[in-house]
Amino acid sequence: MTLQAGGLTLLRNGRALLQSVDVALRAGSLTVMLGPNGAGKSTLLHVLAGLELPEEGFIRLGGRPLTALPSIERARQLAVMTQDQPLDFPFGVEEVVLLGAYPLGLGRAEERAHCQGWLQRLELQHLSRRNYLSLSGGEQQRVQLARVLAQCGEQTTALLLDEPVSAMDLRHQHLCLQQLRALANAGAAVLVILHDLALTALYADEVLLLKKGRVLVQGPMRQAMTAPHLSALFDVRVEVSLQQGVPRFSSSLPNNAVPL
Amino acid sequence: MISSVCLSANRLGLLLWLLFLPVVLASLWVGPVSLSFDALLQPGSRDWLILFELRLPRLVMSLAAGAVLAITGASIQALFRNSLADPGLIGISAGAALAAVAVLVFGGAWLLGPFGPVLVPLAAFAGGVLVTVLVLRIARTPQGVSVTTMLLAGIALNSIAAAAIGIMKYFSDELSLRQVTFWLLGNLHSTDWSSALLLMAIGAPVVALLLREGQQLNLLLLGESQARLLGVVTSRLRGRLILLVALGVGTVVSLGGLIGFIGLVVPHLVRLLCGPDNRALLPLSALLGALLLTLADIMARLLVSPAELPIGIVTALIGGPFFLSMILYRQRGRT
């Protein structure tokens, strides 16, 4: 188990945002976290990343307690993309991606070659000299994802990403998730928060369903993404059908669920 | 770093170094008394004394103060992740000035003691640290630093410090009143070798240590969480920055009074010319700051010669309109 956490409980202002949450991320596996707004998905990701300390519970990365790792070593093993990206200075796109490679401690030429690879794979090359602040929201998100992926080196074992493709167009959603898929295939443990059930079905090995700060189900995608589970998770009626071996989802509000 | 940006940073650096010698020579040459070459070769002559005992320490002071103010401005902008942060605007200088005035007015016998000369800089440093920590505490939210809160806190702290300085001026005698008032306007007029060397002794290590933080400051600009996730121990970085900035600003304030806008305008100019990369921004700001403050000092001497203007007034006269145009530029950029 690459990243394992157990009994995570986090209280804020007397409210339990997470209640004895267990998470296990396997090497080579891509896990998608699903859940309604306010379920605690981002909070859980922050806790797993070490940005917030839980009141109870443990987190182990590669068998060692997360808090015991020196920060630079943690940055080499664990790459994280949070939702808020407050960069407000006119860096060039390539410069932003280069900042991601900082923990790797590469030489200048090596670093550039490394980042060029990610610019290419995320189709950012034509933007590489543009001012980051002049890009559209989806493009900025792609640059930030490239920065986080540029953080991955030989020692990287786990990636945590909070809605990394939420602002992207369809093509780039697939493109980026394929890159995450490839990193998982190469042996990394990957956790991604998504809202799109179809994308989840295409790319996930496992899913983790989170509701009101508790884990509803964590397990292999096919077994966990059932109509009853998803209906209970989102409080809507979800129907699942198989088309050419891939699950398709349709959802609707139960009749009379909302007064009009 | 993008090669074109890197190149233009190198070019700007080269340009500034080329300007360095003429500015230095002009600063030594220009003044109410015109110097003659022949007299300069005779140690002890009037011209020799003016050059080596008045103008040279003053030049050292303006170069060092300009470099320190500009590089601390650039650093505080990275710390607050906002290009409008400035030691003067957010109250660091005022806090340092308040503490320094308190020591000047109430220090009495202490000032004449063996630690007298460092007492004022020390107090200014403490005042600077206090205000920086205070503003950061007030303006920091889990989502980052709020610009509005930061600037409002700065206004509040500036007016509190001004009021407290006013009270002390009200109760001080004629002599220290004149001293304090003149000093607060910012001036390098009374620079002697001991203050020039004190500023060098503190300013040089402050600049050198800040220069090493370039890449970490770049990472901080991505956001505090992002910097932590990239392996920066942000709490320690913040602590180092606050100490160095307060030490640098405190020393400059205690020796030269309130000299505004250098810390705001210089990094902004450099950023416009060659981008926000702090690895280039910090050294270029120090260099441009040294040059600009020396130029301002030359103007202070020339504008109303044979009298002279406090240098704080010159930098405010130039910096104020520049700041205003910056705000207008940003406004247009938004709409």
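Quick note on labels: first sequence line is chain A, next is B, and so on, each numbered from 1. Hydrogens, waters and symmetry mates play no part in the numbers below; they use all other heavy atoms, side chains included.
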With a 3.5 Å distance limit and no angle check, can you tell me whether B/Glu213 reaches the backbone of B/Ser75 through a side-chain donor-acceptor pair? no

* **A/Val32 side chain reached by A/Ile193 side chain, heavy atoms, under 4.5 Å** => no

Given the options A/Arg121, A/Glu111, A/Gln125, A/Gln116 meets side chain to side chain donor-acceptor pair (under 3.5 Å) only with A/Gln125

- Taking 4.0 angstrom as the limit, do A/Arg26 and A/Glu206 come out as a salt bridge? yes

So, the part of A/Arg147 with a heavy atom under 4.5 Å from chain B: the answer is side chain

Residue from A/Gln85, A/Glu73, A/Arg74 scoring the most non-hydrogen pairs under 4.5 Å with chain B is A/Gln85

Under a 4.5 Å heavy-atom criterion, the part of residues 240-253 of chain B in contact with chain A comprises none

| query | Under the 3.5 angstrom rule, does the side chain of A/Thr2 hit a backbone N or O of A/Ala27 as a donor-acceptor pair? | reply | yes

In this structure, CG of B/Leu217 is separated from CD1 of B/Ile76 (nearest 0.5 Å) by 10.5 Å

Which of B/Leu219, B/Asn218, B/Leu220 passes side chain to side chain contact (heavy atoms under 4.5 Å, CB included) with B/Leu230? Answer is B/Leu219

Contacts satisfying salt bridge (charged side-chain N to carboxylate O under 4.0 Å, His left out) that involve residues 221-234 of chain B (not counting sequence neighbours) are B/Arg140-B/Glu224, B/Glu224-B/Arg238

For residues 41-72 of chain A against chain B, heavy atoms under 4.5 Å, the residues are A/Ala49, A/Gly50, A/Leu51, A/Ser71, A/Ile72

- Query: Take atom CZ in A/Arg12; do more than 12 heavy atoms of anything else shown fall under 6.0 Å from it?
  - Reply: yes

Turns out that what part of A/Tyr102 lies under 4.5 Å from chain B's heavy atoms comes down to side chain

Mind checking whether B/His268 and B/Phe322 have parallel, tilted or perpendicular rings, split at 30° and 60°?
perpendicular

Quick note, salt bridge (charged side-chain N to carboxylate O under 4.0 Å, His left out) partners involving residues 98-107 of chain A, not counting sequence neighbours, are none

